[in-house]
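Notes to accompany the following structure.
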Number of protein chains: 2
Amino acid sequence: MAKQHELREKGLRLTPQRELVLQAVRELGHATPEEVAEKVRSTHPGINLSTVYRNLETLENVGLVLHTHLGHGGATYHAAEELTHLHLVCSVCGSIGDAPIEAAANFVNTLSDDYGFKTDVTHFAIYGTCQKCSK
Amino acid sequence: MAKQHELREKGLRLTPQRELVLQAVRELGHATPEEVAEKVRSTHPGINLSTVYRNLETLENVGLVLHTHLGHGGATYHAAEELTHLHLVCSVCGSIGDAPIEAAANFVNTLSDDYGFKTDVTHFAIYGTCQKCSK
DNA sequence: TTAATACCTGCGAACAAATTGCAGAAGCAA
DNA sequence: TTGCTTCTGCAATTTGTTCGCAGGTATTAA
């Protein structure tokens with residue numbers, strides 16, 4: 001068979017809710033469970049918040065999405081294939097900016113060489129003040 | 001007068017609870033509100049959790065303590081004068097290691113020069129795998 | 001196509017963490 | 001000491017997340 005659905009390939013059932021959650025995460029870039037639910041509801045009003053939480057967890061288990069901690073307590077979910085940037089969280093306006101992973105390459109190497117610490121670059125948020133707010 | 005209490009200098013009232021919370025944060029190095037409460041209760045059983053939260057907030061407002069996000073949802077508080085290191089949070093064992101701020105100097109400069117982002121080095125946790133766990 | 005069987009979903013309850021309102025207690029200036 | 005204001009303790013509330021269960025549905029094999 002030429003095209004197995006990516007969810008089926010992971011041994012998951014192909015439910016509308018699950019597809020919608022995955023699609024929402026991909027479209028939103030980064031989003032809290034709440035935001036994902038809201039997005040999904042814009043086309044499928046009936047979906048339950050528990051279902052969103054359970055699917056995010058399930059999708060994370062099979063590696064299709066990941067979560068990071070951007071502060072404020074809640075986890076933020078990302079599509080796995082899109083985690084190619086750092087998150088620059090502005091402490092003033094709360095905006096989330098991006099920077100390529102390469103910007104941290106030196107830093108990661110330093111930590112590895114000097115402290116034996118293997119940084120997971122995809123799982124960390126950087127706090128500070130964005131360009132706009134530092135004026 | 002030679003010695004104004006540091007809390008009074010900030011315009012705060014000098015209550016036993018407030019002093020205990022500040023002292024606990026200093027002794028613990030980094031601690032969640034829950035841990036601070038527990039520490040304070042070891043000598044002052046009656047103290048209320050709300051009081052701990054409110055005092056942490058108050059102390060943060062006047063700059064005596066700071067909080068960082070080390071993941072897991074909860075904030076972690078530090079005495080302001082001790083924030084001279086980065087936090088290396090191990091995703092395997094959960095341990096919190098230290099590294100001097102200088103290790104990030106290049107990284108911070110890169111973000112500032114290339115993206116106009118002023119990183120608050122004291123407010124960010126770095127995820128990865130510590131030396132012990134990466135063996 | 002149908003039937004069997006996991007797996008999923010929706011719902012409500014349960015839970016934990018953090019916050020708030022209020023009344024009384026305590027710190028502080030005069 | 002008096003009086004004002006802030007702080008504390010308590011209880012209730014809010015918010016974010018998880019869980020149990022009963023019914024529904026995707027999937028496989030007949």
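Hydrogens, waters and symmetry mates play no part in the numbers below; they use all other heavy atoms, side chains included. Being a predicted model, the structure only gives us computed values, none of them experimental. Numbered from 1 within each chain, the chains take letters A, B, ... in sequence-line order.
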Taken to the nearest whole Å, NZ/A/K10 to P/D/dT27 is 17 Å
Rounded to the nearest 0.5 Å, the CG atom of A/D98 sits from the CG atom of A/L86 at a distance of 8.5 Å
Quiz prompt | A/E27 side-chain N/O to A/A24 backbone N/O, donor-acceptor pair under 3.5 Å | solution = no
In whole angstroms, the gap separating C1' of D/dT17 from NE2 of A/H67 amounts to 13 Å
Testing C/dC11, D/dT28, D/dA26 for proximity to the side chain of A/R54, the answer is C/dC11
Rounded to 10°, the helix from C/dT1-D/dA30 to C/dA30-D/dT1 deviates from straight, judged by its five-pair end axes, by 40°
Value for CD (A/E34) from OG1 (A/T32), rounded to nearest 0.5 Å, stands at 6.0 Å
Interatomic distance, SG@A/C130 vs CG@B/L111, rounded to 0.5 Å, equals 13.0 Å
B/L56 atom CG is separated from D/dT8 atom P, nearest whole Å, by 11 Å
Flag, side chain of A/E19 to backbone of A/P16, donor-acceptor distance under 3.5 Å
no
The complete set of ring-ring contact (aromatic ring centres under 6.0 Å, His included) pairs with one or both residues in residues 87-110 of chain A, sequence neighbours excluded, reads A/H30-A/H87, A/H78-A/H87, A/H85-A/H87, A/F107-B/F107
Of all heavy-atom pairs linking B/L88 and A/F117, the shortest is CB-CE1, 3.5 Å
5' to 3', nucleotides 2-7 of chain D under a 4.0 Å protein heavy-atom cut-off (B base, S sugar-phosphate only, - none) gives ---BBS
Between A/L14 and A/Y53, whichever has its closest DNA chain D nucleotide further toward 5' is A/Y53
Rounded to the nearest 0.5 Å, the CD atom of A/E6 sits from the CD atom of A/E9 at a distance of 7.5 Å
Does B/R18 use its side chain to pair, donor to acceptor, with the backbone of B/R13 at less than 3.5 Å? yes
Per the under-4.0 Å heavy-atom filter, residues of residues 19-35 of chain B near DNA chain D come out as none
The complete set of side-chain hydrogen bond (donor to acceptor under 3.5 Å, both in side chains) pairs with one or both residues in residues 56-66 of chain B, sequence neighbours excluded, reads B/E60-B/H67
One should read off an interatomic distance between A/L7 CG and A/L22 CG, to the nearest 0.5 angstrom, of 6.0 Å
Checking B/V25, B/N55, B/V21 against B/V65 for side-chain contact (heavy atoms from CB on, under 4.5 Å), the one that qualifies is B/V25
note: A/L49, atom CG; D/dT15, atom P; distance rounded to Å ~ 14 Å
Numerically ordered, the residues 39-48 of chain B set in heavy-atom contact under 4.0 Å with DNA chain D is B/G46, B/I47, B/N48
Output for pair (B/H5 NE2, B/L12 CG), nearest 0.5 Å, gives 10.5 Å
